[in-house]
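Ligands are counted one by one from 1 in listed order, and the atoms in each one are counted from 1 as well.
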Amino acid sequence: MAHVITRPCCNDASCVSVCPVNCIHPTPDEPEFLTAEMLYIDPETCIDCGACIDECPVEAIIPDDSLEAQDEPYLQINADYYKDHDVDGGLVPPKKGPQLPDKELHVAIIGAGPAAFYAAEELVRKPQIKVDMFDRLPVPYGLVRAGVAPDHAATKGVEKTFASIANKKNFQYFLNVEVGKHISHDELTSRYHAIVYAVGAATDKRLGLEGEDLPGSLPATEFVAWYNGHPDYVDLDVDLSAERAVVIGNGNVALDVARILVSDPDALATTDIADHALAKLRESNVKEVVLVARRGVAQGAYTNSEFLALGDVDGVDVIIDPADLVLDDATQAALDSDSLDSTIATKIRLAREFAERPTTPGNKRIVFKFLASPLAIAGDGKVTGLTCVRNEYAAAGDRVSVAPTTDQFDIEAGLLLRAIGYRGVPVTDLPFDEGHGVVPNTEGRVQDAAGGEVMRGLYVTGWIKRGATGGIGMNRQCGQQTAESVLADFIGEALSDPSVSREDVAAIVADRGAHRIDLAGWKAIDAAEKAAGKAAGRKRLKFVSIADFEAAAAAGQVQ
Ligand code: NAP
């Protein structure tokens with residue numbers, strides 16, 4: 001028997017370090033790790049010890065004799081990785097932490113999402129390092145709470161890891177506190193040795209097309225925040241009255257929004273989806289979602305696991321026109337000579353399987369269109385459709401590219417979601433690289449815009465450091481790298497001692513009107529949401545207004 005990694009894999013690689021035979025790859029030390037869609041267990045090396053199962057935060061690892069039918073394809077997907085990757089087995093020696101100077105280190109982390117927590121994880125291991133984590137929202141966990149789709153409960157299992165970090169004695173929350181409003185960057189730099197900005201990528205990329213701002217045209221990022229109960233998006237105007245919606249792009253966000261739009265609301269009703277979204281989805285007329293992707297099937301931006309899982313959504317057909325599955329010359333040649341990267345080969349195989357599947361009359365539909373770009377968004381006061389142009393493959397470079405043909409077609413639709421990626425926004429008092437939407441940095445150390453000089457005591461991690469790519473677990477390696485830079489600078493005496501004690505931070509933010517929520521407050525909110533959820537037969541019933549969060553936190557604190 002061997003173990004198999006399945007869909008929820010979050011790539012955080014916590015399994016890698018506990019495997020006694022080094023059978024889980026790619027490891028964070030291998031170059032493929034940076035682009036891997038998931039991790040894979042070598043069935044020939046696995047000794048079935050179960051250590052990885054205990055360590056996996058998202059319950060993605062399953063013994064091969066216990067796989068449900070929907071997870072059986074992962075037997076092949078795991079094994080296929082080892083066809084074209086020659087990896088060494090054997091014991092991985094544990095890493096020893098560095099020897100630190102004999103004094104306290106005070107670190108402020110701005111943001112409370114996965115990247116923030118993975119950096120904190122490395123730091124709070126040492127009791128002499130005190131970590132204060134700030135977030136403008138009253139709740140932690142960033143995109144795990146406001147981004148991960150509600151029907152992906154297993155993925156939210158990483159919250160257990162984050163909760164255990166937050167429970168450490170040398171960790172404090174300053175939730176519901178906005179840096180720049182309740183406390184300034186300069187006030188922080190004078191009170192902490194190091195500031196780590198983990199503020200993510202707060203906006204969406206733009207298509208630059210006419211009609212993009214018509215009612216009915218929304219960034220998928222906002223639609224996601226709306227159905228996940230982000231307090232800023234509760235009142236988003238989402239019109240589900242038309243039978244067809246169009247999604248531009250085919251990354252995992254595109255797949256998430258398409259799936260939520262056609263899922264059975266009764267199934268969603270068991271999840272932690274926001275009540276306002278569930279009510280709207282119950283009245284929805286949407287029967288078909290068309291995903292428009294500019295490149296071909298081999299360049300699908302989705303991960304294979306998310307693509308495969310679409311086939312298991314009850315009452316939904318995945319539609320792919322076999323004629324759309326034409327490959328670029330280089331991919332075709334590699335496929336023919338059996339030298340194609342296994343992840344891309346799987347992408348093609350899964351798409352071909354979908355294209356051959358029979359459909360069921362009355363089912364809702366997710367339709368994939370490859371090699372098509374949006375040209376214009378039509379509408380008169382609100383979106384009524386989209387004009388697209390068919391693309392053909394252009395001359396090959398490092399990245400397979402396409403060029404428009406003269407062939408155009410229209411898609412009628414009442415809702416258009418732009419799922420073309422997130423983008424970082426400038427952080428007050430830090431330099432910003434407009435081209436890449438990131439804060440310039442070297443291994444997480446902020447660099448000044450002009451000369452590339454490292455700015456003492458300032459760090460970044462997560463999407464604001466490397467751009468909006470990679471799932472949750474990818475932030476672990478990213479956060480570790482930033483934390484290692486902080487530690488190296490501490491050891492190398494490259495950090496300035498604070499000129500003021502950080503003990504007045506709570507008073508400063510209170511004076512400026514912040515209703516700070518600490519660990520006890522968050523635990524009270526968490527318990528209240530779970531209790532309300534249990535009473536309603538749901539995982540969790542999310543509060544969505546700041547007043548309700550504050551009331552729940554306060555109620556918990558007086559008990
Ligand atoms: P993404 O993976 O970068 O996908 C963006 C999509 O938009 C691609 O199809 C891209 O096409 C297309 N696109 C970009 N600019 C375009 C333009 N001007 N016109 C037409 N199409 C355009 O972004 P994402 O879906 O927002 O996801 C961000 C990251 O979060 C990804 O790493 C993703 O895997 C991760 N995520 C993971 C999960 C999960 O694990 N379940 C869920 C959500 C998000 P090209 O490929 O041609 O550029």
For H276 and V234: C-alpha separation, side-chain torsions, deciding distance, then whether side chain to side chain contact (heavy atoms under 4.5 Å, CB included) applies. CA-CA 7 Å; H276 55 255; V234 175; 3.8 Å; yes

Worked check of salt bridge (charged side-chain N to carboxylate O under 4.0 Å, His left out) between R295 and D328: CA-CA 10 Å; R295 297 193 294 154; D328 58 284; over 6 Å; no

Taking N or O atoms only and a 3.5 Å limit, does [X] qualify as a polar contact for ligand 1?
{"X": "L207", "result": "no"}
{"X": "R294", "result": "yes"}
{"X": "G470", "result": "yes"}
{"X": "N250", "result": "yes"}

How does S373 reach ligand 1, if at all, at less than 4.0 Å between non-hydrogen atoms: by side chain, backbone, both, or neither?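 None of S373 does.
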
Which is it for D256 and ligand 1 at heavy atoms under 4.0 Å: side chain, backbone, both or neither?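 The side chain, only.
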
Quick one: does atom 7 (O) of ligand 1 have a protein heavy atom under 4.0 Å from it?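 Within 4.0 Å of atom 7 (O) of ligand 1, protein heavy atoms are found.
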
Would you call K364 and D317 a salt bridge, using N to O less than 4.0 angstrom?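 No, K364 and D317 are not salt-bridged.
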
Validation row, ring centre [X] to ring centre [Y] under 6.0 Å:
{"X": "Y40", "Y": "Y74", "result": "no"}
{"X": "H230", "Y": "Y233", "result": "yes"}
{"X": "F117", "Y": "Y141", "result": "yes"}
{"X": "F354", "Y": "F368", "result": "no"}

Would you mind running through ligand 1 and noting each atom that sits below 4.0 Å from a heavy atom of [X]?
{"X": "T469", "result": "32 (O)"}
{"X": "G421", "result": "23 (O), 26 (O)"}
{"X": "W463", "result": "29 (C), 30 (O)"}
{"X": "A419", "result": "5 (C), 6 (C), 7 (O)"}
{"X": "A468", "result": "28 (C), 29 (C)"}

Tell me, which protein residue and heavy-atom name are nearest [atom], and how many Å apart are they?
{"atom": "atom 22 (C) of ligand 1", "answer": "I420 CG2, 3.5 Å"}
{"atom": "atom 40 (O) of ligand 1", "answer": "N252 ND2, 3.5 Å"}
{"atom": "atom 25 (O) of ligand 1", "answer": "V253 N, 3.1 Å"}

Within 45° of the axis and under 6.0 Å from the centre of the six-membered ring of F409, does NZ or CZ of R390 qualify?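 Satisfied, under 6.0 Å and within 45°.
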
On a heavy-atom basis, I'd like to know which of [options] is closest to [atom].
{"atom": "atom 4 (O) of ligand 1", "options": "A293, P8, G251", "result": "G251"}
{"atom": "atom 45 (P) of ligand 1", "options": "E306, R399, E37", "result": "R399"}
{"atom": "atom 46 (O) of ligand 1", "options": "M38, M474, R295, R206", "result": "R295"}

D266 atom CG, neighbour heavy-atom count above 12 within 6.0 Å: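 Correct, the count exceeds 12.
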
Could you verify whether a donor N or O on one side chain and an acceptor N or O on the other, from N252 and T303, lie under 3.5 Å apart?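 There is such a pair (donor and acceptor under 3.5 Å, judged by atom type) between the side chains of N252 and T303.
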
Say whether K465 and Q481, considering side chains only, have a donor N or O and an acceptor N or O under 3.5 Å apart.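 The answer is yes; a qualifying pair exists.
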
